[in-house]
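First comes the structure, then the notes that go with it.
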Amino acid sequence: MELKVVKASVEKGEGLGWGKSLLVPNIQEILKNDSQSVPERYIQEPKDRPLISQNLFDSLQVPVIDFSMLAQKDANEIRKLDLACKEWGFFQIINHGVREEIMVNMKAAMAAFFELPFQEKSKCAKGANEIQGYGQNFVVSEKQKLDWCDMMFLKTFPHETRNFKFWPLTLPGFKEAVEEYSTEIRKVSNKIDANLSVLMGMDENGLKRKLGEFQQGIRMNYYPTCSRPDLVLGISPHSDGSLFTLLLQDDEINGLQIKHKEVWIDAKPIPNSLVVNIGDAIEILSNGMYKSIEHRAISNEKKPRMSIATFVMPGDEVQIGPLDSMVNEKHLPRSYRNIKYIDYIRQKFAMKMQGKAHTAIVKL
Ligand SMILES: O=C(O)CCC(=O)C(=O)O
Ligand SMILES: [Fe+2]
């Protein structure tokens, strides 16, 4: 007789993984039945609601970095990058070298996935202990307010982290578009990490030498239209746990907001650019010289908005902590403790996203 063995679910991408999340409804589906509906669970407390009125800080713009100048090692552009990381934690890059066609294909592949019938999308659904797949942001309590967003998260690098059970492989062109886009973004990310390495007092290979091969994950965020965008949030305020994140946003629709000097500022889209933000891991490695910044997304009444975030991260088992070059016990005392990356991420996901509250895990 064949013995049935119940495998402990610690296979690739299963088991405890990056955390445990409650499963919640799918906002795109709720709206298919009633496009005007704004269920109670999505209505934010008054203090957390976005101000949709005229942006009073219209003149403030996220810094723009010309990537072709960085490639030429232009001292002025490198200084601008350093300042953008210190004062904003966010910048938009132009002339990054990713061909427009590749970005257009990526957006089209994402749109095609979210247009699939729910039953089809559900074949890629993530489980409760899963980060990869189709679903929603991590949810840790039944009482927690929910984000007006459905998403699809896939790991793309290193190759062995790809788990095709979460990929819609029968959707024509999807796999190719994600792979091609991710490969191009990896090239941009390599240049960013080389520049950050130098700015943090090392040579261009400093971060790679310290951390080894980076992981890359792609999160496709789908924000349906909302009849009351003043009551809900597309994504609650948070900072990313990554080293840094590269975001491809809609060319026209505003949605991303950044907390800059205590005020929410729109990151107005520049067509074909990429928005880059510093994540918690660089904040820790730089001993706080570069800070991850709180950001959120708002929804709108007119058109669904899609954004594609690529997270560049250390490997799960890698220890992160302030770089030797960023610590000087006299002038720059160590402000963060060392932690294994996956332990940091698990603790982050175990809390409701609340701005930067989770970074207290590693503060000294
Ligand atoms: O949609 C956006 O503009 C922001 C997305 C985001 O912050 C994220 O995916 O971490
Ligand atoms: Fe984010």
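First listed ligand is number 1; within each ligand, the first listed atom is number 1. Everything numeric here is computed off the predicted structure, so don't read it as measured data.
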message = Taking the cut-offs as 6.0 angstrom to the six-membered ring centre and 45 degrees off its axis, would you call Arg162 and Trp167 a cation-pi pair?
response = no
query = Between Leu247 and ligand 1, which residue portion shows a heavy-atom distance shorter than 4.0 Å: side chain, backbone, both, or neither?
reply = side chain
ask   = Is there a side-chain contact between Val312 and Asp193, using heavy atoms and a 4.5 Å cut-off?
value = no
request  = Please write down residue, atom name and distance for the protein heavy atom closest to atom 5 (C) of ligand 1.
outcome  = Asn221 ND2, 3.4 Å
query = Gln249 near ligand 1, heavy-atom distance under 4.0 Å?
reply = no
request  = Could you tell me whether ligand 1 has any atom less than 4.0 Å away from a heavy atom of His238?
outcome  = yes
note = For Asp240, the N, O or S atom at the shortest distance from the Fe ion (ligand 2) is OD1
request  = Enumerate the atoms of ligand 1 whose separation from the nearest heavy atom of Ala309 is less than 4.0 angstrom.
outcome  = 9 (O)
ask   = Does the distance from a Lys or Arg side-chain N to an Asp or Glu carboxylate O, for Lys107 and Asp251, drop under 4.0 Å?
value = yes
key: Which N, O or S atom of His238 lies nearest to the Fe ion (ligand 2), by name   = NE2
note = CG (Leu243) and OH (Tyr290) are apart, to the nearest 0.5 Å, by 14.0 Å
task = Output the list of atoms in ligand 1 that are nearer than 4.0 Å to some heavy atom of Phe311, sorted by atom number.
result = 9 (O), 10 (O)
message = Which residue and atom name correspond to the protein heavy atom nearest atom 8 (C) of ligand 1, and how close is it?
response = Arg219 NH2, 3.1 Å
query = At a 4.0 Å threshold, what atoms of ligand 1 neighbour a non-hydrogen atom of Arg305?
reply = 1 (O), 2 (C), 3 (O)
ask   = Between Asp280 and Ser292, does any side-chain donor sit less than 3.5 Å from a side-chain acceptor?
value = yes
inquiry  = Would Glu45 and Lys47 count as a salt bridge (charged side-chain N to carboxylate O under 4.0 Å, His left out) here? Give the steps.
reply    = CA-CA 6 Å; Glu45 303 298 342; Lys47 68 175 179 24; over 6 Å; no
